[in-house]
Amino acid sequence: NMNSVDEFFDEGTLVLLTGVTGFLGKLVLEKLLRCSNSSIAVLIRSKNGVSPQERFRDEVMGTPVFDLVRQIYGSHQLDTMVADRVRILSGDLLNENLGFSDVC
């Protein structure tokens with residue numbers, strides 16, 4: 001019986017998270033960052049000429065959802081944690097093979 005995020009995700013686990021630019025996706029990402037040591041891959045599509053990296057910075061990390069984790073760790077340490085644990089993948093769930101050019 002696993003009651004917490006850190007018990008469910010072993011260290012070294014890679015979590016693929018989609019929908020991270022939406023409210024629920026942001027909450028899940030914040031919880032994973034705050035309560036686990038897992039690595040997180042986030043799938044984000046380009047939108048209106050804005051790159052996935054820019055969307056992650058502005059639409060995800062730049063929101064109040066991350067205020068608590070920012071208070072706990074400080075902005076610099078949070079930035080370092082995100083750089084170490086979060087990988088931004090450019091893709092789209094609606095495209096074949098998620099929009100990746102080569103699957104295998």
Side-chain angles (χ1 to χ4, degrees):
N1 185 11
M2 295 184 200
N3 295 318
S4 66
V5 172
D6 64 335
E7 290 174 351
F8 186 80
F9 293 106
D10 295 331
E11 183 144 356
T13 299
L14 175 62
V15 177
L16 174 62
L17 183 59
T18 64
V20 75
T21 58
F23 183 72
L24 187 57
K26 291 173 194 161
L27 290 175
V28 172
L29 178 61
E30 188 274 344
K31 183 74 169 184
L32 287 170
L33 286 171
R34 189 168 40 87
C35 299
S36 80
N37 289 317
S38 59
S39 297
I40 306 145
V42 296
L43 184 69
I44 303 175
R45 64 184 170 96
S46 296
K47 184 176 179 182
N48 299 325
V50 180
S51 73
Q53 292 78 11
E54 290 173 299
R55 291 189 68 204
F56 181 78
R57 182 192 68 224
D58 298 341
E59 297 176 32
V60 179
M61 296 307 299
T63 63
V65 172
F66 293 89
D67 287 351
L68 175 62
V69 75
R70 198 171 282 111
Q71 277 182 353
I72 293 169
Y73 296 107
S75 291
H76 179 71
Q77 190 172 350
L78 176 59
D79 290 346
T80 300
M81 180 189 314
V82 168
D84 290 344
R85 293 179 46 203
V86 177
R87 178 171 198 111
I88 302 166
L89 304 175
S90 178
D92 190 332
L93 289 175
L94 297 179
N95 292 340
E96 184 176 341
N97 298 324
L98 302 178
F100 298 144
S101 58
D102 189 5
V103 175
C104 297

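What's counted below: heavy atoms across the whole structure, side chains too, no hydrogens, waters or symmetry copies.
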Query raised in the report: Below 4.0 angstrom, N of the basic side chain to O of the carboxylate: do E30 and K26 qualify?
Result: no
Query raised in the report: Are side-chain heavy atoms of M81 and D84 found at a separation under 4.5 Å?
Result: no
Requested in this report: Return yes if some donor-acceptor pair links the side-chain N/O of R70 with the main-chain N/O of M61 below 3.5 Å, else return no.
Outcome: yes
**Report entry** Criterion side chain to side chain contact (heavy atoms under 4.5 Å, CB included) against T18, the qualifying member of L43, V28, L89
**Finding:** L43
Query raised in the report: Taking the side chain as C-beta and beyond, is there a heavy-atom pair between F23 and V65 under 4.5 Å?
Result: yes
Query raised in the report: Do the side chain of S51 and the main chain of E54 share a donor and acceptor less than 3.5 angstrom apart?
Result: yes
Report task. Output the distance between atom CD (Q53) and atom OG (S90), rounded to the nearest 0.5 Å. Result -> 6.5 Å
Requested in this report: Group every Ile, Leu, Val, Met, Phe, Trp and Tyr by side-chain heavy-atom contacts under 4.5 Å, then state whether L29 and I72 land in the same group.
Outcome: yes
Report task. Verify, without hydrogens or angle tests, whether R85 (side chain) and A41 (backbone) share a donor-acceptor contact under 3.5 angstrom. Result -> no
Query raised in the report: Is the shortest heavy-atom distance from the side chain of I40 to the side chain of V42 under 4.5 Å?
Result: yes
**Report entry** I88-V50 co-clustered via ILVMFWY side chain contacts under 4.5 Å
**Finding:** no
Query raised in the report: Near R87 CZ, under 6.0 Å, is it more than 12 heavy atoms from other residues, nucleotides or ligands?
Result: no
Query - Verdict with supporting geometry, Y73 and L33, side-chain contact (heavy atoms from CB on, under 4.5 Å) - result: CA-CA 11 Å; Y73 296 107; L33 286 171; over 6 Å; no
Query raised in the report: Sub-3.5 Å donor-acceptor pair from the side chain of R55 to the main-chain atoms of I44, do we have one?
Result: no
Query raised in the report: Given S38 and L32, is the side-chain contact (heavy atoms from CB on, under 4.5 Å) satisfied, shown in steps?
Result: CA-CA 7 Å; S38 59; L32 287 170; 4.2 Å; yes
Query - Donor-acceptor pair, side chain of E59 and main chain of F56, under 3.5 angstrom - result: no
